[in-house]
There are 2 protein chains.
Amino acid sequence: MSVSLAPAGHMTCESCPIRHRAVCARCESDELARLDEIKYYRSYEAGQTVVWSGDRMDFVASVVSGIATLTQTMEDGRRQMVGLLLPSDFVGRPGRDGSPYDVVATTDLVMCCFRKKPFEGMMETTPHIAQRLLEMTLDELDAAREWMLVLGRKTAREKIASLLAIIARRDASLKLTSAGGQVAFDLPLTREAMADYLGLTLETVSRQMSALKADGVIILEGKRHITVPSYERLMDEAGDDSDGGMLA
Amino acid sequence: MSVSLAPAGHMTCESCPIRHRAVCARCESDELARLDEIKYYRSYEAGQTVVWSGDRMDFVASVVSGIATLTQTMEDGRRQMVGLLLPSDFVGRPGRDGSPYDVVATTDLVMCCFRKKPFEGMMETTPHIAQRLLEMTLDELDAAREWMLVLGRKTAREKIASLLAIIARRDASLKLTSAGGQVAFDLPLTREAMADYLGLTLETVSRQMSALKADGVIILEGKRHITVPSYERLMDEAGDDSDGGMLA
DNA sequence: TCAGGCAGTTGATCTAGGTCAAGGCGCGGC
DNA sequence: GCCGCGCCTTGACCTAGATCAACTGCCTGA
């Protein structure tokens with residue numbers, strides 16, 4: 001498994017979401033400079049495993065580009081995806097050694113990493129980092145709990161619609177107009193990965209995608225390009241009352 | 001809905017887990033004293049709702065005694081429990097205004113509360129609080145993700161066993177011997193609440209409880225008192241590889 | 001003492017989604 | 001151009017768990 005250091009030269013600080021979105025938006029400049037000293041970039045190819053469940057994880061990181069998933073696997077092979085990492089999302093557990101799940105790159109992936117020890121050191125001296133991290137972790141917790149409702153109580157059709165709504169909102173949030181807007185995006189997941197996320201089989205995913213297409217909720221070009229004529233309609237299919245914050 | 005202030009007089013600091021377990025184990029004593037100034041106790045009767053989903057929540061708190069649940073409800077009434085709060089667990093979201101779910105007392109409940117504004121103030125000045133809170137939130141996130149596996153991929157029997165294992169471990173952790181230990185405890189949940197937690201119907205919960213009893217995995221006295229002859233066996237039924245950290 | 005109600009159990013039946021199996025479609029390699 | 005291989009779709013059938021319904025036991029209040 002070849003993990004190469006990404007060409008960091010032309011990655012300006014602007015492109016690192018840790019600094020600007022993920023951790024330290026409120027820190028003063030000399031603290032930012034210290035973050036720079038322990039920062040490095042890594043890239044992975046689609047399909048590569050970033051960390052194995054149980055492995056020691058000696059860094060924390062945020063996604064610069066590409067998509068990664070967090071999955072848990074039972075001994076008999078049943079799998080459940082427990083998180084989806086999109087650009088600017090954070091991975092890693094200050095204060096913990098091992099990862100409780102596999103982290104896998106589902107597309108080509110670039111991450112901005114910080115060695116854990118020095119990062120933890122910075123947390124001690126720079127309170128804003130811990131506070132920002134707490135905020136982010138609370139967001140993830142909300143997302144995980146929202147997803148528990150999806151997994152425990154929604155029908156297959158509602159599950160699919162929920163997932164598409166999340167991706168649409170995230171992927172296309174800037175393009176969304178206030179109400180009933182049309183959105184288009186490329187699905188970054190295989191049917192199998194969708195099934196793993198939703199607690200379904202890939203056949204059921206496929207069938208429900210076909211059904212949503214037949215009912216005009218989505219328009220499919222090829223297998224992966226999706227146009228949502230009405231975001232409102234999609235939310236409706238997802239059975240959500242509010243469009244409240246989910247997403248890992 | 002009468003919410004009474006609990007008789008705080010004979011609640012010594014020892015009985016408040018916020019200070020000793022939940023938030024501030026590493027703080028110096030003058031900081032502890034400041035926590036005392038903004039602390040108050042509240043008690044709720046079984047069945048009372050502590051906070052409604054969407055409501056403003058102007059405090060953070062930890063459970064002193066009793067049990068509370070966090071649930072989400074869809075418009076059509078489908079319900080999913082997303083967290084179980086046992087003594088020493090923490091509720092509340094520094095930096096957030098509303099609760100995203102109902103918090104309900106399932107037994108008589110005493111909570112140790114801190115008004116949110118001053119608590120947030122303390123977080124700014126006392127870095128250990130934010131760090132401790134981050135640690136706790138990461139634990140909850142792990143628990144939530146573990147539960148996603150339960151909801152998405154486990155069979156009804158495995159779900160029940162998983163829930164019983166969690167409660168047994170939590171409720172009886174001190175009594176557990178290293179291997180194959182016997183544990184006994186009282187179920188703090190109705191069959192319906194179990195169903196809401198597990199994404200099942202109460203009939204299925206009842207049937208699987210009967211099945212586990214028939215197979216000798218558990219011994220039932222009355223409806224609620226449970227003896228687990230072998231914790232190992234229970235874990236096995238739950239389908240868990242490790243007994244890794246779940247629980248909300 | 002008895003009526004009513006809540007919690008739980010158990011049985012009969014139904015169905016959403018899983019399982020197994022047979023293709024289809026696009027794409028890179030030869 | 002054709003082969004082989006992922007990825008996806010569709011069909012036929014099956015089953016775990018939902019649904020509907022009857023019934024038990026226990027506790028509470030009149």
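At a cut-off of 3.5 angstrom, counting only N and O atoms as typed in the model, there is no donor on one side facing an acceptor on the other between the side-chain of E203(A) and the base of dC8(D). At a cut-off of 3.5 angstrom, counting only N and O atoms as typed in the model, there is a donor on one side and an acceptor on the other between the side-chain of R207(A) and the base of dG11(D). Remark: the E192(A) side chain and the dC8(D) base include no donor-acceptor N/O pair separated by less than 3.5 Å.
Between R93(A) and D139(B), no side-chain nitrogen of the basic residue sits less than 4.0 Å from a carboxylate oxygen of the acidic one, so the salt-bridge criterion is not met. Classification of R79(B) and D102(B) as a salt-bridged pair fails, no side-chain N sitting under 4.0 Å from a carboxylate O. Between E203(B) and R207(B) there is no salt bridge, since no side-chain N of the basic residue sits under 4.0 Å from a carboxylate O of the acidic one.
In this structure, L220(A) places its CG atom 14 Å from C1' of dC25(C), rounding to the nearest Å. Atoms CG (D186(B)) and C1' (dA7(C)) sit 16 Å apart, rounded to a whole Å. The distance from atom CZ of R78(A) to atom P of dA16(D) is 13 Å, rounded to the nearest whole Å. In this structure, CG of L187(A) is placed 9 Å from P of dC8(D), rounded to the nearest angstrom. Put simply, CE on M209(A) is 18 Å from P on dC25(C), counting in whole angstrom units. Between the CD atom of Q208(A) and the P atom of dA16(C) there is a distance of 10 Å, given to the nearest Å. E221(B) has its CD atom 18 Å from the P atom of dG25(D), to the nearest Å. The nearest whole Å value for the distance from the NZ atom in K223(A) to the C1' atom in dT10(D) is 11 Å.
Among the protein residues, R224(A) comes within range of the sugar-phosphate backbone only, with heavy atoms under 4.0 Å from sugar or phosphate atoms but none that close to a base. Nucleic acid contact class of T201(A) (heavy atoms, under 4.0 Å, all strands): base. Residue L202(A) is in base contact, counting any heavy-atom pair closer than 4.0 Å across all strands shown. Among the protein residues, G222(B) comes within range of no part of the nucleic acid, since none of its heavy atoms lies under 4.0 Å from any strand.
For dA16(D), the OP1/OP2 oxygens have no side-chain nitrogen or oxygen of T155(B) closer than 4.0 Å. Between T204(A) and dG18(C) there is a side-chain polar atom (N or O) within less than 4.0 angstrom of OP1 or OP2.
Expressed to the nearest 0.5 Å, how far CH2 of W147(B) lies from NZ of K154(B) amounts to 8.0 Å.
Counting only heavy atoms from C-beta outward, the side chains of V150(A) and L163(A) never approach each other to under 4.5 Å.
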